[in-house]
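To find a chain, count down the sequence lines: A is the first, B the second, and so on, and within it residues start at 1. Everything numeric in this text was worked out from a predicted model, so none of it was measured.
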Amino acid sequence: MTLMPAAPAPPATTPQTSTLLHAPVIDWFRAHARDLPWRRPEAGPWGVMVSEFMLQQTPVNRVLPMYEQWLARWPRPADLAAEAPGEAVRAWGRLGYPRRALRLHAAASAITERHGGEVPRDHAKLLALPGVGEYTAAAVASFAYGQRHAVLDTNVRRVFARAVTGAQYPPNATTAAERRLARALLPDDEPVAASWAAATMELGALVCTARTPSCGRCPIADQCAWLAAGSPAHDGPPRRGQTYAGTDRQVRGKLLAVLREAVSAVPQAALDAVWHEPVQRARALDGLVADGLVEPLPGGMYRLPLT
DNA sequence: CACCCGTGGCA
DNA sequence: TTGCCAAGGGT
């Protein structure tokens, strides 16, 4: 066996392998990005933050009209903070996960009190806000302020799983390895990194989709490890599906729907009508009260929270 | 870390 | 029709 010539050490100016992905993905984004309202300059950091809360586990198409309504009604954090939290819950409509509305209201209050009404730029300060986790803090810092952060949402995780790792789907929970990979792939230059974050998310949302990816339209198909391996089916633990019918969540949804429609406080009987099983019904109502989504009043009356 | 938390569209 | 899935966060 002959000795292969040693590979020459790459000159310092040679880009690392990962950067071969940057230009095609960012170029694709420039050509194909959707014109979403929270991407327009006039959205501002508050618009970005509102959109990020709404987009948590909720599709873009359902968020669009709610986003417009919210920004028209509450153009600044202080405007929302001045309202009762119940008004945020009511205006949330049927977006789902109404605790997000409560947390967004609480975040607006914190921004008003602690940050002079301006959405903070600092990642740690963003992370300290109610309802802002690792993803949302990075997203706001990156999209609203152009900073360099690894933005690791379900779309990006899937793109990396396929293109780099060669797996059809990422792990159920975000792993340290994924965070490491996301940081390693992040372009050095700050504005380029911000473009990369938005571009990889959009690629996952439009092309590298969960069910039937459009690999024929993918700008990095020629570099995709999963495609190169013949698009092998997912192996590993199945992502456990979420049943809904008959759960407390469904009951909570029905109870809250009654309170959202009501102009003022609602009697117990009106809530009892939405679900036949009294034990589960009571548990669901108790849960809503415990979460601060419902305010119990004397005399068995209930309403959305005023404070 | 596993589980809880809404809702609706689509294959 | 029925799962699957959608820019997660909190406990």
In whole angstrom, give the distance that lies between atom [atom1] of [X] and atom [atom2] of [N].
| X | N | atom1 | atom2 | value |
| --- | --- | --- | --- | --- |
| A:His234 | C:dC5 | NE2 | C1' | 14 Å |
| A:Met66 | B:dG8 | CE | P | 11 Å |
| A:Lys254 | B:dC5 | NZ | C1' | 17 Å |
| A:Arg249 | B:dC5 | CZ | C1' | 5 Å |
| A:Gln280 | B:dC4 | CD | P | 13 Å |
| A:Arg283 | B:dC5 | CZ | C1' | 14 Å |
| A:Arg260 | B:dG6 | CZ | P | 10 Å |
| A:Asn61 | C:dC5 | CG | C1' | 14 Å |

Query raised in the report: Do other residues, nucleotides or ligands put more than 12 heavy atoms under 6.0 Å from the CG atom of A:Asp222?
Result: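 Counting other residues, nucleotides and ligands, CG of A:Asp222 exceeds 12 neighbours.
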
Query raised in the report: Rounding to the closest angstrom, what is the interatomic distance between C:dA7 and B:dA11 at atom P?
Result: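 Result for the P pair: 15 Å, nearest Å.
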
**Report entry** Spacing of the P atoms in C:dG9 and B:dG8 (rounded, Å)
**Finding:**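 Here B:dG8 and C:dG9 have their P atoms 23 Å from each other.
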
Query raised in the report: Between A:Thr212 and A:Pro98, which has a closest nucleotide on DNA chain B that is more 5'?
Result: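 That would be A:Pro98.
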
If you look at every strand shown and take non-hydrogen atoms under 4.0 Å, does [X] touch a base, only sugar-phosphate, or nothing?
| X | answer |
| --- | --- |
| A:Asp248 | sugar-phosphate |
| A:Leu256 | nothing |
| A:Tyr244 | base |

Query - Aromatic ring pairing A:Trp196/A:Phe160, orientation class (parallel under 30°, perpendicular over 60°, tilted between) - result: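 A:Trp196 vs A:Phe160 ring planes: parallel.
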
**Report entry** Annotated protein contacts, base or backbone, on nucleotides 6-11 of chain C with a non-hydrogen cut-off under 4.0 Å, one of B, S, - each
**Finding:** BBBBS-

Query raised in the report: Does the salt bridge (Lys or Arg N to Asp or Glu O under 4.0 Å) test come out yes or no for A:Asp79 and A:Arg73, once each step is laid out?
Result: CA-CA 8 Å; A:Asp79 300 319; A:Arg73 182 171 176 183; over 6 Å; no

**Report entry** Intermediate values then yes/no, salt bridge (Lys or Arg N to Asp or Glu O under 4.0 Å), A:Asp27 and A:Arg30
**Finding:** CA-CA 5 Å; A:Asp27 288 346; A:Arg30 274 196 272 269; 3.1 Å; yes

Query raised in the report: Are A:Arg252 and B:dG6 close enough that a side-chain N or O sits under 4.0 Å from OP1 or OP2?
Result: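 It does, given that an N or O in the side chain of A:Arg252 lies less than 4.0 Å from OP1 or OP2 of B:dG6.
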
Query raised in the report: Using 4.0 Å as the upper bound for N to carboxylate O, is an ion pair formed by A:Glu83 and A:Arg90?
Result: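 The answer is no: the pair does not qualify as a salt bridge.
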
Query raised in the report: Any chain of hydrophobic side-chain contacts (each under 4.5 Å) joining A:Leu256 to A:Phe53?
Result: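 Cluster IDs for A:Leu256 and A:Phe53 differ.
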
**Report entry** Test item: A:Glu52 side-chain N/O and A:Val48 main-chain N/O as donor-acceptor pair under 3.5 Å
**Finding:**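 The answer is no, because no donor-acceptor pair under 3.5 Å joins these two groups.
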
